[in-house]
Amino acid sequence: MNKILFLSSILLVAQPALAKLDFEDHAFPELVTSARALAMGNAYINKVDDSWSAFYNPAGLGTVRKPQFHIANIHLEASSGLLDVIGNGPAYEIPQNYIDSFDPEDMRSKLVKNQGELAHSRINLFPNITVRGLTLGYMYSQRDRAIINDDAANNYEIAERKDQGPVMALNASFFGGIFKLGASAVYLMRKDLYKSFGPTDPIDVSSNDFKNGKSLQVTAGARLTLPWDFLPTVSAVLRNATDNDFEGASGGGLPDAIKQTIDVGVSITPQIGKISRLHLEANLKDLNDAYDTDYKRRLAAGAELDFNRRLFVRVGWGDGWGSAGLGVRARTFILDMTTYAVDRSLDGFREEEDRRWVLSLASGF
């Protein structure tokens with residue numbers, strides 16, 4: 001009997017401590033993520049040169065090449081666990097199954113045969129108009145997580161975050177564009193939900209279960225690009241620069257405060273032939289360790305090889321796992337396909353991989 005207890009205790013200690021169904025803010029602090037960035041390990045504060053500057057580094061607006069008016073700007077994301085659940089039937093049912101994944105009751109019925117597997121889905125919408133030095137738009141983001149735990153309790157857990165609000169970003173360049181400063185502001189309206197149900201409990205989610213709040217979130221960024229071969233660049237980004245909390249509580253109270261963090265990055269961009277460039281970048285997220293996370297999980301690195309600014313091949317490393325992606329750009333159309341992963345462990349490193357897949361489409365003129 002003592003031997004059994006001893007072996008059981010070893011097994012319990014050896015199991016990675018999994019985080020609650022959180023949203024990995026330590027590694028992915030952006031309110032809206034870019035498929036292009038995720039393919040590069042989310043090491044992107046030096047490279048960003050489009051409307052996503054509002055979320056990654058507003059100083060990047062100083063490198064916008066042409067005006068952009070994105071009427072449709074959609075980011076769809078699913079984890080491998082979710083795809084296992086919704087992809088078992090005929091292919092024509094997958095779109096509806098994906099939509100159903102945002103409904104907690106439908107999701108539980110789909111997870112019954114996949115206990116212990118985390119299902120993650122995300123949709124981002126960001127219609128905007130962007131010119132050099134300015135972005136105006138509106139963001140909407142919804143993330144859902146669900147799991148039926150494969151332990152004795154067998155509880156069904158769900159988490160949901162809905163973010164939306166108007167977005168504005170400005171930029172100023174100095175010394176012929178060598179040094180750039182930028183700032184963005186989002187009037188953020190957030191709804192957070194965390195809830196657990198027993199195996200036979202009905203799915204009952206009311207407005208009182210959501211934490212609701214509003215906050216003006218300001219992001220400030222700086223970028224220095226030296227006019228030398230390989231264009232060595234350094235950047236720094238301060239998130240929640242004015243250290244604002246959420247206000248206007250309703251339902252279940254206020255969401256957790258967004259921590260004030262500092263990201264830093266370095267990069268080089270050598271020219272490869274006449275029409276190709278290779279961008280190599282490394283970032284350290286949360287330099288001040290506001291989230292109290294192992295520094296190895298806050299390191300990110302990525303590379304992007306572009307051919308005539310039309311075709312892009314990307315690889316990266318973030319939160320301890322690899323990432324990759326392809327991108328195609330035309331004047332009125334952008335397509336990005338990405339895979340990346342996060343670590344589900346609470347305080348470990350490369351202990352529990354959660355692999356995700358992203359399709360991003362933008363169109364406009």
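If you read the sequence from its start, that first residue is 1, and numbering goes on from there.
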Begin with the C-alpha distance, continue with both residues' side-chain angles, and end with the deciding distance and a verdict on side chain to side chain donor-acceptor pair (under 3.5 Å) for Asn42 and Tyr56.
-> CA-CA 9 Å; Asn42 217 39; Tyr56 281 87; 2.9 Å; yes
Mind running side chain to side chain donor-acceptor pair (under 3.5 Å) on Asn244 and Thr242 for me, showing each step along the way?
-> CA-CA 6 Å; Asn244 287 342; Thr242 51; 3.1 Å; yes
Should His120 and Leu82 be marked as a side chain to side chain contact (heavy atoms under 4.5 Å, CB included) after you check the CA-CA gap, both sets of side-chain angles, and the distance that decides it?
-> CA-CA 6 Å; His120 157 90; Leu82 177 61; 5.9 Å; no
Evaluate the criterion side chain to side chain contact (heavy atoms under 4.5 Å, CB included) for residue pair Phe312 and Ile334; output intermediate values, then yes/no.
-> CA-CA 11 Å; Phe312 301 82; Ile334 300 173; over 6 Å; no
Could you please spell out the steps behind the side chain to side chain contact (heavy atoms under 4.5 Å, CB included) verdict for Met139 and Phe55?
-> CA-CA 10 Å; Met139 60 148 289; Phe55 306 105; 4.1 Å; yes
Does the side chain to side chain contact (heavy atoms under 4.5 Å, CB included) test come out yes or no for Val131 and Val64, once each step is laid out?
-> CA-CA 7 Å; Val131 297; Val64 171; 5.9 Å; no
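The environment of CE in Met189 is crowded: more than 12 heavy-atom neighbours from other residues, nucleotides or ligands sit within 6.0 Å. Surrounding NZ of Lys214 are at most 12 heavy atoms belonging to other residues, nucleotides or ligands under 6.0 Å away. Shown here is Lys113, whose NZ atom has no more than 12 heavy atoms of other residues, nucleotides or ligands within 6.0 Å. Crowding of Phe307 atom CZ: a count of heavy atoms from other residues, nucleotides or ligands under 6.0 Å exceeding 12.
For Tyr44 and Glu304, the side-chain atoms include no donor-acceptor pair closer than 3.5 Å. Counted by atom type alone, Thr269 and His279 present one or more donor-acceptor pairs between their side chains at under 3.5 Å. Counting only N and O atoms by type, the side chains of Thr130 and Thr135 include a donor and acceptor under 3.5 Å apart. In summary, the side chains of Asp343 and Ser345 do present a donor paired with an acceptor at a separation below 3.5 Å, with no hydrogens or angles considered. Of the N and O atoms on the side chains of Asn46 and Ser235, at least one donor lies less than 3.5 Å from an acceptor on the other residue. Between the side chains of Thr339 and Arg355, a donor-acceptor pair is found at a separation under 3.5 Å.
Here the side chain of Ser360 pairs no donor or acceptor atom with the backbone of His75 at under 3.5 angstrom. Arg122 places no side-chain N or O within donor-acceptor distance of the main-chain N or O of Glu77, the cut-off being under 3.5 Å. A donor-acceptor pair is defined here as one N or O able to donate and one able to accept, closer than 3.5 Å; such a pair exists between the side chain of Arg350 and the backbone of Gly320. A side-chain donor-acceptor contact under 3.5 Å links Asn171 to the backbone of Ala59. At least one donor-acceptor pair under 3.5 Å links the side chain of Asp209 to the backbone N or O of Ser206. Side-chain atoms of Glu247 never come within 3.5 Å of backbone atoms of Ala249 as a donor-acceptor pair (strictly under, hydrogens ignored). Asn308 contributes no side-chain N or O that, together with a main-chain N or O of Arg310, makes up a donor-acceptor pair within less than 3.5 Å.
The heavy-atom pair separating Asn149 from Glu157 by the smallest distance is ND2-OE2, 2.5 Å. Taking each heavy atom of Ala341 and Phe28 in turn, the nearest pair found is O-CZ, 4.5 Å. Here the shortest heavy-atom pairing between Asp150 and Gly116 reads CG-CA, 3.8 Å. Between Pro58 and Ala183, the shortest heavy-atom contact is CB-N, 3.3 Å. Here the closest heavy-atom approach between residue Ser79 and residue Asp354 is recorded as CB-OD1, 3.5 Å. The minimum heavy-atom distance linking Val358 with Ala35 is given by the pair CG1-CB, 3.7 Å.
Under the 4.5 Å side-chain criterion, counting only non-hydrogen atoms from C-beta, Pro104 is in contact with Tyr156. Contact check for Asp144 versus Ile158: no side-chain heavy atoms found under the 4.5 Å cut-off. The closest side-chain heavy-atom distance from Lys162 to Tyr140 is below 4.5 Å. Residues Leu231 and Arg277 form no side-chain contact, since every pair of their non-hydrogen atoms from C-beta on lies 4.5 Å or further apart. For the pair Thr225 and Ile178, the minimum side-chain heavy-atom distance is 4.5 Å or more. At a threshold of 4.5 Å between non-hydrogen side-chain atoms, the residues Val186 and Asp163 do not count as touching. The side-chain heavy atoms of Asn128 and Val167, taken from C-beta on, include no pair separated by under 4.5 Å. Residues Leu299 and Trp317 form a side-chain contact, since some pair of their non-hydrogen atoms from C-beta on lies under 4.5 Å apart.
The residues Asp263 and Arg239 are annotated as salt-bridged, a charged nitrogen and a carboxylate oxygen being separated by less than 4.0 angstrom. Under the 4.0 Å criterion applied to side-chain N and carboxylate O atoms, Asp306 and Arg329 are not assigned as salt-bridge partners. Salt-bridge annotation for Arg36 and Asp50: present, with a side-chain N of the basic residue lying under 4.0 Å from a carboxylate O of the acidic one. Salt bridge absent: Lys110 and Glu117 never bring a charged side-chain N and a carboxylate O closer than 4.0 Å. Between Asp25 and Arg161, at least one side-chain N (NZ, or NE/NH1/NH2) sits under 4.0 Å from a carboxylate O, which counts as a salt bridge.
Going from atom CZ of Arg297 over to atom NZ of Lys285 covers 14.5 Å, rounded to the nearest 0.5 Å. Asn240 CG to Gln260 CD: the interatomic distance, rounded to the nearest 0.5 Å, is 6.0 Å. The CZ atom of Arg223 lies 9.5 Å from the OG atom of Ser173; values are rounded to the nearest 0.5 Å. Here CG of Leu361 is found 11.5 Å from NE2 of His70. Values are rounded to the nearest 0.5 Å. Remark: Glu30 CD to Asn57 CG distance equals 10.5 Å, nearest 0.5 Å. Between the CG atom of Leu76 and the OG atom of Ser121 there is a distance of 10.0 Å, given to the nearest 0.5 Å.
If you run side-chain contact (heavy atoms from CB on, under 4.5 Å) between Glu281 and each of Thr233, Ile45, Val266, only Ile45 comes through.
Val234 and Ile268 fall into different hydrophobic clusters, defined by Ile, Leu, Val, Met, Phe, Trp and Tyr side-chain heavy atoms under 4.5 Å apart, directly or through other members. Hydrophobic cluster membership differs between Met40 and Leu326, with clusters built from Ile, Leu, Val, Met, Phe, Trp and Tyr side chains linked at under 4.5 angstrom. Under the 4.5 Å side-chain heavy-atom criterion for Ile, Leu, Val, Met, Phe, Trp and Tyr, Leu305 and Ile275 are members of distinct hydrophobic clusters. Using a 4.5 Å cut-off between side-chain heavy atoms of Ile, Leu, Val, Met, Phe, Trp and Tyr, with links allowed through other members, Tyr295 and Ile262 fall into the same hydrophobic cluster. Hydrophobic clustering of Ile, Leu, Val, Met, Phe, Trp and Tyr side chains at less than 4.5 Å, counting indirect connections, keeps Leu335 apart from Leu38.
Ring pair Phe23/Tyr194 is tilted by interplanar angle, where 30° to 60° counts as tilted. The aromatic rings of Tyr98 and Phe102 sit perpendicular, their planes meeting at an angle over 60°, well past the 30° parallel limit.
Taking the centre and axis of the six-membered ring of Phe246, the NZ or CZ atom of Arg190 falls outside the cone set by 45° and 6.0 Å.
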